[in-house]
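For reference, the structure discussed in these notes is given below.
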Amino acid sequence: MLFRLIFLHLLFLPLAISAQNTTPKEYVFFLHNKFLEGHPLDEPHPKYGISAYTAILEKLQSKNTVIIAEKRKPDTDPKMVISPNIYPDMPKTPG
């Protein structure tokens, strides 16, 4: 009986140790500015220069981070992108 207990303990010990070493993932929602909606990433802004969109995403990336980012299409309506479940009181776009 004692041998079985020791065997079971040694069998499941690695699983218990690996479960303790996991750390929760961090999620980053990266939203770019309005200028990038209608312009390529390599086109310089008249006042601020070239966007560092890709460099910023690379800098935010780590082993424990999930980056959620997307270059929006030109003239995106923010009210159409935002889920009504998140902001139920936001007025709807007329039309």
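Because the structure is a prediction, the values reported are computed rather than measured. Sequence positions, counted from 1, serve as the residue numbers for this chain.
Summarising the geometry of T65 relative to L60, their closest heavy-atom pair is CG2-O, 3.7 Å, with the distance given to 0.1 Å. L36 and S51 make their closest contact through CD1-OG, 3.4 Å (heavy atoms, listed as atom of the first residue, atom of the second, distance).
Taking the side-chain hydrogen bond (donor to acceptor under 3.5 Å, both in side chains) definition, one finds that K71 meets it with nothing, sequence neighbours left out.
E37 places a side-chain N or O within donor-acceptor distance of the main-chain N or O of T76, the cut-off being under 3.5 Å.
Below 30°, between 30° and 60°, or above 60°: for H32 and Y53 the angle between ring planes is above 60°, a perpendicular geometry. Ring geometry, H39 versus F35: the interplanar angle falls under 30°, so the pair is classed parallel (tilted spans 30 to 60°).
For the atom pair I50 CD1 and H45 NE2, the distance stands at 13.0 Å (nearest 0.5 Å).
In the displayed structure, D75 atom CG is contacted under 6.0 Å by at most 12 heavy atoms of other residues, nucleotides or ligands.
Taking hydrophobic clusters as Ile, Leu, Val, Met, Phe, Trp and Tyr residues chained together by side-chain heavy-atom distances below 4.5 Å, V66 does not share a cluster with L57.
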